[in-house]
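Reading through the structure tokens given below for one structure.
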Amino acid sequence: MSQYRAVKGTRDVFPDEITSWNHIEKVIHRVAGLYGFHEIRTPVFEYTELFQRSIGAATDIVGKEMFTFRPEEKGRSITLRPEMTAGVMRAFIQGNLAASSPIHKLYYIAELFRKERPQAGRQRQFSQFGAELIGVSSPEAVAEVIGLMMQVFADLGVTGLRLRMNSLGDVEDRMHYIEALREYLEPHSALLDEHSRERLDKNPLRILDSKNPEIQAIIADAPRLHDFLGASAIEEFEKVLHYLDEKGLSYVIDPLLVRGLDYYCHTAFEVTSSELGAQDAIGGGGQYDGLAKQLGCKSDVPAVGFAVGLERLLITMEKQGLLTHVKQEGPQVYVVLQSHELVAHAVGICDVLRESRIRSVMDLAGRSMKAQMREANKMGASYALFVGQDELQRQVFGLKNLTTSEQEFLSIQQIVERLESSNISSAQ
RNA sequence: GUGAUUGUAGCUCAGUUGGUUAGAGCGCCAGGUUGUGGCCCUGGAGGUCGGGGGUUCGAGUCCCCUCAUUCACCCCA
């Protein structure tokens, strides 16, 4: 056991798993492009106030889950990003993107950090793919964003997901509701657990999605958020649902769905996977029409977005057997040396092959031919190319097809031609 | 932050009521005649049994502490 381990809640991704990641990322880039979204990258850390102001100082994320530090003793406090929306919005405002176009469609694949106790599907460093549509948050825009997210799942072959929808109304609706909820809960406060009691004045909405059955019983008779929504909010929400119907996306309306970030309003949604255990949210998002202004933007900038947990997506896909076919590509040629003294010739041959874009490897460890053949086989090489005294003298080398076991003797030039043509056919 | 769980070779795990040089499978390395893989066979390397203390004639096996893991609460993607 090594003295040095990866930090708690972090992990290494080794080459055999990278192929799965590449596969997922490729689909994300393709689908995002299909919907006209452009990639954005922002710094991994931001000034701490950005998150306090956007996510909400009373939220758990900001309250106790952030990696915060002060690089200079008297300098400003900095935080490793616990989510992406705040940073993207900050960049949007700072870069004055609004000046170039009223609408911006951005997406990202990014590493995030949250100081939580690690558990299945929950790491301290994790990655999300997400999209932010900034400038409009009409029902069409909301539906497009949800459509993008669901199509990524669909294109990856993921099944059995549950999409839950809710409307939080506008800020005023919400204020009224929070008051009513607080009024209802106050008399029950003795029955609430410690967490919920604390939230009662800080963030009462969060009590709604508590997993504690006793609290759920109390919540059952609580006033409903839906009854506090204005007519326009209801109308908008129904339009969103209509678009989802049109797209053939199935969903359930969950009046208790509340998201943990303060900036959400109107439509909120979450996708859960039954393959996941306790941490079953694979993606979620909603509208955040007020965020830009909260961050100092002069004009109102409505927006919608979502984020998908890539580790959770990966776990789900693994459980559904969607990654077994994604394998690392083996080399086309494994150059087998008769003896290690000929190593310089093998280097030269590899150079020639690689110049012709033929993926080739050779043994660098000086192993026996048998070991080299075994490795070639294990790597999934298509051909073995034998280099020995005879070959070098005659300048004709044995090329063995490792699937058919057929072997022929060819010059390097002929070998290059042979493999280049197989390159072309495999590319098609 | 709280609770529980586990911690023996690179990986997955066995290790009987505490008793001699700690095992298996897979993987790795080398062989199975003269320059050639996938199957099979043989051999080999590799572990201060997470770390520290204690009980005992004797501890991988019991006790305490510590570190780490995993799962759940919580939170969220």
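Per chain, numbering begins at 1; letters A, B, ... match sequence-line order.
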- [ ] Would you list the pairs meeting ring pair (Phe, Tyr, Trp, His ring centres under 6.0 Å) in which at least one residue belongs to residues 360-411 of chain A, sequence neighbours left out?
- [x] none
- [ ] Can you tell me, in whole Å, how much space there is between the P of B/rC13 and that of B/rA45?
- [x] 26 Å
TODO: Describe the nucleic acid contact of A/Gly121 in one word from base, sugar-phosphate, nothing, applying a heavy-atom distance below 4.0 Å.
DONE: base
Task: Residue pairs passing the side chain to side chain donor-acceptor pair (under 3.5 Å) test where at least one lies in residues 52-67 of chain A, sequence neighbours excluded - done: none
Open item on the list: I need the A/Met369 CE to A/Ser339 OG distance, nearest 0.5 Å.
Closed with: 9.5 Å
Task: Nearest to side-chain heavy atoms of A/Glu391, which nucleotide of B/rG35, B/rA77, B/rC73 - done: B/rG35
Open item on the list: What contact category does A/Glu375 fall into here, base, sugar-phosphate, or nothing, at under 4.0 angstrom with non-hydrogen atoms?
Closed with: nothing
Open item on the list: Nearest whole Å is fine: how far is B/rA77 C1' from A/Phe129 CZ?
Closed with: 12 Å
Open item on the list: When the P atoms of B/rG54 and B/rG60 are compared, how many Å lie between them, rounded to an integer?
Closed with: 15 Å
Open item on the list: In whole Å, I'd like the distance from the NZ atom of A/Lys8 to the C1' atom of B/rU66.
Closed with: 13 Å
Task: Pairs meeting criterion ring pair (Phe, Tyr, Trp, His ring centres under 6.0 Å) with involvement of residues 350-372 of chain A, two or more places apart - done: none
TODO: Sticking with atom P, work out how far B/rA9 lies from B/rA4, rounded to a whole angstrom.
DONE: 27 Å
Open item on the list: With rounding to the closest Å, how many angstrom separate the C1' atoms on B/rG58 and B/rU12?
Closed with: 31 Å
- [ ] Please state how far atom CD in A/Gln125 lies from atom C1' in B/rA77, giving the value in whole angstrom units.
- [x] 14 Å
TODO: For A/Phe228, enumerate each residue passing the ring-ring contact (aromatic ring centres under 6.0 Å, His included) test, keeping only those at least two apart in sequence or located in another chain.
DONE: A/Tyr177
Task: Nucleotide of B/rA77, B/rG35, B/rU36 approaching A/Gln338 most closely (side-chain heavy atoms) - done: B/rG35
- [ ] Scan residues 405-415 of chain A for pairs that pass side chain to side chain donor-acceptor pair (under 3.5 Å), counting only residues two or more places apart or in two chains.
- [x] A/Glu408-A/Arg418, A/Ser411-A/Gln414, A/Gln413-A/Glu417
Open item on the list: For RNA chain B, report each stem as range with range, ordered by first number, or say none. Use Watson-Crick or G-U wobble pairs under 3.5 Å, at least 3 in a row.
Closed with: B:1-4 with B:70-73, B:10-13 with B:23-26, B:28-32 with B:40-44, B:50-54 with B:62-66
TODO: Send over the distance from A/Arg11 CZ to B/rU69 C1', rounded to a whole Å.
DONE: 15 Å
Open item on the list: Among residues at least two apart in sequence or on other chains, which ones pass salt bridge (Lys or Arg N to Asp or Glu O under 4.0 Å) with A/Lys105?
Closed with: A/Glu144
Open item on the list: Of the options B/rG37, B/rA77, B/rG35, whose atoms approach the side-chain atoms of A/Asn377 most closely?
Closed with: B/rG37
N/O-N/O pairs, protein side and nucleotides 1-5 of chain B side, under 3.5 Å:
| from | atom 1 | to | atom 2 | distance (Å) |
| --- | --- | --- | --- | --- |
| B/rU2 | O4 | A/Arg117 | NH1 | 2.3 |

- [ ] Please determine, by modelled atom types, if A/Gln287 and A/Ser137 share a side-chain donor-acceptor pair under 3.5 angstrom.
- [x] yes
Open item on the list: Please pick, from B/rU69, B/rC74, B/rU36, the nucleotide with the shortest atom-to-atom distance to any side-chain atom of A/Lys64.
Closed with: B/rC74
Task: Phosphate OP1/OP2 of B/rA72: any A/Gln119 side-chain N/O under 4.0 Å - done: yes
Open item on the list: Measure CG/A/Asp390 against C1'/B/rU36 and give the value in whole Å, please.
Closed with: 14 Å
Quick one: which protein N/O atoms are closer than 3.5 Å to N/O atoms of nucleotides 26-31 of chain B? Pair and distance per line, please.
| from | atom 1 | to | atom 2 | distance (Å) |
| --- | --- | --- | --- | --- |
| B/rC28 | OP1 | A/Lys378 | NZ | 2.4 |
| B/rC29 | OP1 | A/Arg367 | NH2 | 2.9 |

Open item on the list: Please report the distance, rounded to the nearest Å, between CG in A/Leu337 and P in B/rU36.
Closed with: 14 Å
Open item on the list: Using the P atom as the point on both nucleotides, what is the distance between B/rU48 and B/rU42, in whole Å?
Closed with: 28 Å
Open item on the list: Check this for me: does any side-chain nitrogen of one of A/Glu375 and A/Lys370 sit under 4.0 Å from a carboxylate oxygen of the other?
Closed with: no
Open item on the list: Would you measure the distance from the P atom in B/rG23 across to the matching atom in B/rU66 and give it in whole Å?
Closed with: 34 Å
- [ ] Take atom CD of A/Glu65 and atom C1' of B/rC73, then tell me their distance rounded to the nearest Å.
- [x] 13 Å
TODO: Compare the aromatic ring of A/Phe386 with the six-membered base ring of B/rG35 and state whether they stack according to the 5.5 Å and 30° rule.
DONE: no
- [ ] Could you tell me whether A/Ile282 contacts a base, only the sugar-phosphate backbone, or nothing, with contacts defined as non-hydrogen atoms closer than 4.0 Å?
- [x] sugar-phosphate
TODO: Indicate, with a heavy-atom threshold strictly under 4.0 Å, whether A/Ala120 touches base, sugar-phosphate, or nothing.
DONE: sugar-phosphate
- [ ] Would you check, one step at a time, whether the test ring pair (Phe, Tyr, Trp, His ring centres under 6.0 Å) holds for A/Phe92 with A/His104?
- [x] CA-CA 9 Å; A/Phe92 173 87; A/His104 286 270; 5.7 Å; yes
TODO: Name all residues meeting the ring-ring contact (aromatic ring centres under 6.0 Å, His included) criterion together with A/Tyr108; count only those two or more places apart in sequence or in a different chain, and write none if there are none.
DONE: none
Task: Nearest-Å distance once atom P is located in both B/rA14 and B/rA77 - done: 38 Å
Task: Atom pair distance, as rounded to whole Å: CG in A/Asp16 and P in B/rC11 - done: 14 Å
Open item on the list: Quick test of your reading: applying side chain to side chain donor-acceptor pair (under 3.5 Å), list the pairs with at least one residue in residues 345-363 of chain A, sequence neighbours left out, ordered by first then second residue.
Closed with: A/Asp363-A/Arg367
Task: Closest nucleotide among B/rA77, B/rU36, B/rC71 to the A/Ala307 side chain - done: B/rA77
Task: Separation between the C1' atoms of B/rU70 and B/rC64, rounded to whole Å - done: 23 Å
- [ ] Scan residues 36-66 of chain A for pairs that pass ring pair (Phe, Tyr, Trp, His ring centres under 6.0 Å), counting only residues two or more places apart or in two chains.
- [x] none
TODO: Please confirm whether the backbone N or O of A/Ile219 pairs with a side-chain atom of A/Gln216, one donor and one acceptor, at under 3.5 Å?
DONE: no
Open item on the list: Need to verify one output field. Residue with the more 5' nearest nucleotide on RNA chain B, A/Asp280 or A/Lys400?
Closed with: A/Lys400
